[in-house]
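Reviewing the structure listed below.
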Protein chains: 2
Amino acid sequence: MTIGELARRTGCGIETIRYYEHEGLLPKPGRTSGNFRRYGQEHAELLSFIRRCRSLDMALNEIRILLRFRSAPGENCGEVNALLDTHIGHVEERIAELQSLEIQLRALRNKCSSARSAEDCGILQGLGGASDDRDASGDKHVPRTHSTKR
Amino acid sequence: MTIGELARRTGCGIETIRYYEHEGLLPKPGRTSGNFRRYGQEHAELLSFIRRCRSLDMALNEIRILLRFRSAPGENCGEVNALLDTHIGHVEERIAELQSLEIQLRALRNKCSSARSAEDCGILQGLGGASDDRDASGDKHVPRTHSTKR
DNA sequence: GAACACCCTGTAGCGACTACAGAGTCAAGC
DNA sequence: GCTTGACTCTGTAGTCGCTACAGGGTGTTC
């Protein structure tokens, strides 16, 4: 099948497929005489595996490790378990951070209930004034909440 | 004060300060005869404001809006309230996504409790086999859980 | 043979930094 | 005056996982 068909089957963008090939997650497929990539069922399964991992928010490097085990069925899978445990830990951590963030944001939001002049806005004051500088050196800044949707 | 002193005072990296200047969040400071940046108290306060916003996981574009209001005290601050409401919404959304993720990950993790051979590993099977393809076309992929720590 | 959908490579952009390279500045000590 | 070492300067490239082109080639249908 062509790259477009593979993309349709797996719900993955064409550019993303080429990117995975470039990153070594997908093996280089054969080519037609006109230099088009030609994929088989095994590529579709591999790509589905990768997409399922990505939907679980795993990093490509983590997926690389899983792929190694996928193609080495004899090996002991303890590392797979450990990887997943670590990943679950990251997700837990991030949830805790965001929950604490939400509390702070709601507290801030309560400082200005109605639209008044910016001069008197409790939110701007809360952001600008002297405050508990928990984070001034802590640097556990956390990746974006803002989604990159297509 | 020099950029290094400002960095120490605010707990912000030097490169980050230059980056904020480049992005127009911090005004260009004066220079010494030797071309070193020279900052005053007002820069320190502004930078603290920005860092406080960042510690609340706001995007630089959101902060830009807040800065506009900060320097226009007469204006109606309704937009500030709206911005914060939207931001809280994003955080809430992300928490919900991550919680659902955690449930899926734990379910997957339960499929292989002990280290056995990769061939029989329930996790790899769970990732690879036929599954509920909720996400195959949904594409509500969510930014990384993996922290970029320094 | 023309239209059109598809594919190719390569490069640049996103956000918010971070990490250099290669150069210049400045204060303290000798 | 000269050296050492800490600091600063500009500019560019890298991070991550894509996404979006530009400028071309391929393949099928009418």
Side-chain angles (χ1 to χ4, degrees), chain A residues 1-26 28-39 47 50-64 87 90 94 135 139-150, chain B residues 1-26 28-39 47 50-64 87 90 94 135 139-150:
Chain A
M1 76 190 105
T2 65
I3 197 170
E5 285 171 312
L6 181 61
R8 250 168 276 131
R9 260 200 225 186
T10 56
C12 180
I14 287 175
E15 318 265 14
T16 305
I17 294 172
R18 287 198 278 248
Y19 173 71
Y20 288 162
E21 179 184 329
H22 182 253
E23 291 299 300
L25 292 171
L26 278 177
K28 296 192 185 231
R31 301 278 182 146
T32 67
S33 59
N35 201 32
F36 285 18
R37 288 172 180 82
R38 191 157 40 190
Y39 295 99
L47 183 53
I50 295 169
R51 295 308 286 174
R52 204 132 46 228
C53 291
R54 286 291 301 133
S55 80
L56 295 173
D57 214 11
M58 291 179 197
L60 295 192
N61 271 337
E62 292 176 324
I63 298 173
R64 255 182 268 271
H87 184 57
H90 287 160
R94 182 75 174 121
D135 214 55
D139 283 329
K140 48 171 184 179
H141 281 135
V142 135
R144 33 187 179 146
T145 307
H146 306 278
S147 41
T148 46
K149 34 190 89 139
R150 38 166 160 171
Chain B
M1 75 190 105
T2 66
I3 196 170
E5 286 172 312
L6 180 62
R8 251 169 275 131
R9 259 199 225 186
T10 55
C12 180
I14 288 176
E15 318 266 15
T16 305
I17 294 171
R18 288 199 277 249
Y19 173 71
Y20 287 163
E21 179 183 329
H22 181 253
E23 291 299 299
L25 291 171
L26 276 177
K28 297 194 182 227
R31 300 278 181 143
T32 67
S33 59
N35 200 32
F36 284 19
R37 288 171 180 81
R38 192 157 38 189
Y39 295 99
L47 183 54
I50 294 170
R51 295 308 285 174
R52 204 132 45 228
C53 291
R54 284 293 298 135
S55 80
L56 295 174
D57 214 10
M58 291 180 196
L60 296 193
N61 272 336
E62 292 175 324
I63 298 173
R64 255 182 267 270
H87 185 57
H90 287 159
R94 182 77 174 120
D135 214 56
D139 284 328
K140 47 173 181 175
H141 282 134
V142 135
R144 32 183 179 147
T145 306
H146 307 277
S147 42
T148 46
K149 35 189 86 141
R150 38 167 160 168

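Note on naming: letters A, B, ... go to the chains in the order of the sequence lines (proteins, then strands), and numbering restarts at 1 for each one. These values consider heavy atoms only, across backbone and side chains, with no hydrogens, waters or symmetry-generated copies.
Proximity of A:R8 to the phosphate of C:dA5: no side-chain N or O atom is located under 4.0 Å from OP1 or OP2. OP1 or OP2 of D:dC9 sits under 4.0 Å from a side-chain N or O of B:R37. Here A:Y20 reaches the OP1 or OP2 of D:dC18: one of its side-chain N or O atoms lies under 4.0 Å away.
Residue A:L60 places its side chain closer to D:dG17 than to any other of C:dT18, D:dG17, C:dC7. In the set D:dC9, D:dC18, C:dC17, the nucleotide with an atom closest to the side chain of B:T16 is C:dC17. For A:E15, the side-chain atoms get nearest to D:dA20 when compared with the rest of C:dA16, D:dA20, D:dC18.
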ask   = Once each nucleotide of nucleotides 22-29 of chain C is scored for protein heavy atoms under 4.0 Å, what B/S/- sequence comes out, 5' to 3'?
value = --BSS---

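In this structure, A:H22 places its NE2 atom 9 Å from P of C:dG10, rounding to the nearest Å.
The heavy-atom pair separating B:Y19 from B:L60 by the smallest distance is CE2-CD1, 3.7 Å.
Among the atoms of the strands shown, base atoms are found under 4.0 Å from some heavy atom of B:R18. If you check every strand for non-hydrogen atoms under 4.0 Å, A:R31 touches sugar and phosphate atoms only.
Inter-axis angle, ends of the helix from C:dG1-D:dC30 to C:dC30-D:dG1, five pairs per end, rounded to 10 degrees: 30°.
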